[in-house]
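This report refers to the structure that appears directly beneath it.
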Amino acid sequence: MNANEPREHGEGNVGGSWTQFGSKPPVAGGFQHAVPTPSDDTTIMQVPAVPKQQSRFTTGQKAIAGLALAATALIGGVAGAATVSAFGGGTTTVASSPSPTFKQASNPLTVADVAQNVQPSVVMIQGRTGEGSGVVLSEDGLILTNNHVVVGAGQGGSMTVKFSDGKTAKASVVGTDPTTDLAVIRAEGVSGLTKAALGDSDALRVGDAVLAIGSPLGLDGSVTAGIVSALDRTLTVGNEDQNQQQLPPGWGNLREQSQPSSTTTIGGAIQTDAAINPGNSGGALVNAAGEVIGINTAIATGGGTGNIGVGFAIPINTAKQVSQQLIDNGKVSHAYLGVSVTDASGDVPGALVRQVQEGSPAAKAGLKNGDLITKIGETAVDGGDTVVGQVRGFKVGQQVKITYMRDGKTQEVTVTLAEKTGE
């Protein structure tokens, strides 16, 4: 039962019970306020009741209070709210402590503030056959986007970048990584751009407020609001029948904003209900502080082309390391485990190891054919795609704990991932 719902106290109450007031309803004007003294803010003061003064909020006051609470929830800077009971005929207690449990946010930001701050860092990318969005990484024109946006720009990678102030510039490809569906391009002949503030996607929690900023359906500078509705999703996206791709079981259809040339598996994706549509690809998913925490990549659809309220973004922590390698080397080094896996068919969910490559990190760690991988790192494994997606998010040389079942017994092993060659 909700703590705020009235409870029954037996008979004797006319027309119902009054949990908050005892056995009798309140008398008009019986509400008492506590006013701290200037000399001692810990003192609890008794203040005479204000006669015949309405104690309830008016409709306008409720609306203002609601807006204030909504703004507080959005900025995420307050861990709780000071609550004073408006019920009870006795003294209202104001709790004080030398070490308060929360602090008022010093620089609260509204949705409009965040959007205004971030929009100059998000661009529209136009090509011969498609369009998308991008995030400014440097003042001299480096821009992060999706690989499938660059592919959709047309043969030769001829692209035009449109900035938030309406100015445009030609752009060329710095490097692409189809494996993670990320790319870096450079706008030519520009300077003094507003680069994006990059956040920490590992700090995200389900329920965090986010904004998606990009150019959906060619409408540059568009902003949509929502929350993080799930974390650590594994997506398999690509040109399956050149139209629709599949999400994990139970998640319907997935469609990328442009049809890429091949399928790819993305691990650790951020799921959001902020509206994302074709053209948002490569744009920013930002938190309430205006930091980019994801690169919008894909949407779930009901069989058509529109968003049904489920979008996905590549975590910015993955995008950081991939983009830096593209800038430095023009290519990306990927870690590999060295196993061929398929979905488990039994009662226990996981990835069944079909083959272990000789000399691979998996072989050196002792994994064998027939092992059932149930967890990789801290992520539960639902099927083969989870293993593939998670490994692609790890770094070369990183040590990863793998939990697996063999002969009905659960075991753990730590694997040091090596660099994948021959790509």
Side-chain angles (χ1 to χ4, degrees), residues 74-76 109 111-125 132-137 143-149 164 180-184 194-217 219-235 237 247 254-258 266-300 307-323 389 393:
L74 174 64
I75 62 174
L109 297 175
V111 171
D113 292 333
V114 174
Q116 184 178 19
N117 292 343
V118 178
Q119 279 177 319
S121 302
V122 180
V123 302
M124 180 178 183
I125 301 174
S133 305
V135 175
V136 177
L137 295 178
I143 296 170
L144 174 64
T145 185
N146 283 138
N147 175 69
H148 71 261
V149 170
S164 62
T180 56
D181 193 24
L182 291 168
V184 174
T194 303
K195 64 179 182 180
L198 306 183
D200 180 8
S201 51
D202 289 343
L204 283 175
R205 298 185 302 169
V206 173
D208 282 348
V210 290
L211 299 182
I213 303 178
S215 306
L217 309 175
L219 303 172
D220 57 302
S222 295
V223 179
T224 55
I227 63 169
V228 173
S229 54
L231 292 168
D232 216 19
R233 294 295 192 199
T234 299
L235 315 177
V237 295
L247 272 171
L254 182 73
R255 178 187 176 93
E256 275 198 312
Q257 278 77 77
S258 298
I266 300 172
I270 303 164
Q271 180 182 311
T272 178
D273 66 349
I276 297 174
N277 285 286
N280 269 121
S281 281
L285 188 71
V286 304
N287 61 18
E291 299 169 329
V292 179
I293 44 82
I295 300 299
N296 298 321
T297 290
I299 58 176
N307 176 29
I308 59 172
V310 183
F312 302 92
I314 299 169
I316 197 62
N317 287 4
T318 298
K320 286 178 187 177
Q321 58 149 317
V322 170
S323 62

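Quick caveat: nothing in here was measured; it's all calculated off a predicted structure.
Judged by distance alone, with hydrogens and angles left aside, the side-chain atoms of Asn296 form a donor-acceptor pair with the main-chain N or O of Ala284 at under 3.5 Å. The backbone N or O of Met124 lies less than 3.5 Å from no partner atom in the side chain of Ser133, so there is not a single donor-acceptor pair. Using a distance-only test at 3.5 Å, with no hydrogens or angles considered, a donor-acceptor pair links the side chain of Thr297 to the main chain of Ile295. Of the possible donor and acceptor atoms, one in the side chain of Thr224 sits under 3.5 Å from a partner among the backbone N and O of Ala275. A distance-only check finds no donor-acceptor pair linking the side chain of Asn147 to the backbone of Thr180 [under 3.5 Å].
Within the 4.5 Å cutoff, the side chain of Thr194 has no heavy atoms near those of the Val136 side chain. The shortest distance between side-chain heavy atoms of Leu137 and Leu198 falls below 4.5 Å. For the pair Ser215 and Asn280, the minimum side-chain heavy-atom distance is 4.5 Å or more. Contact check for Leu211 versus Val118: no side-chain heavy atoms found under the 4.5 Å cut-off. For the pair Asp202/Pro315, no side-chain contact is recorded, criterion being any heavy-atom separation below 4.5 Å from C-beta on. Between Ile314 and Asn146 the shortest side-chain heavy-atom distance falls below 4.5 Å.
We find the OG-CZ distance between Ser229 and Phe312 to be 7.5 Å, quoted to the nearest 0.5 Å. To the nearest 0.5 angstrom, Ile293 atom CD1 is 10.0 Å from Asp200 atom CG. Note that CG of Asp220 is 9.5 Å distant from CD of Gln119, once rounded to the nearest 0.5 Å.
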May I have the step-by-step check of side-chain contact (heavy atoms from CB on, under 4.5 Å) for Leu231 and Ile270, ending in yes or no?
-> CA-CA 5 Å; Leu231 292 168; Ile270 303 164; 4.2 Å; yes
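Listed by first then second residue, pairs satisfying side-chain hydrogen bond (donor to acceptor under 3.5 Å, both in side chains) with a partner in residues 203-214 number zero, not counting sequence neighbours.
When all heavy atoms are compared, the tightest approach of Ala196 to Val292 is CB-CG2, 3.8 Å. Among all heavy-atom pairs drawn from Val223 and Ala115, the shortest one is CG2-CB, 4.0 Å. When all heavy atoms are compared, the tightest approach of Val114 to Ala288 is CG2-O, 3.3 Å. When all heavy atoms are compared, the tightest approach of Ile316 to Ser201 is N-OG, 3.6 Å. Considering all non-hydrogen atoms of both residues, Pro216 and Asn277 come closest at CB-CB, 3.9 Å. Between Ser222 and Leu219, the shortest heavy-atom distance links the atoms OG-O, 2.7 Å.
For the side chain to side chain contact (heavy atoms under 4.5 Å, CB included) with Lys320, the lone residue among Val322, Thr318, Asn317 that qualifies is Asn317.
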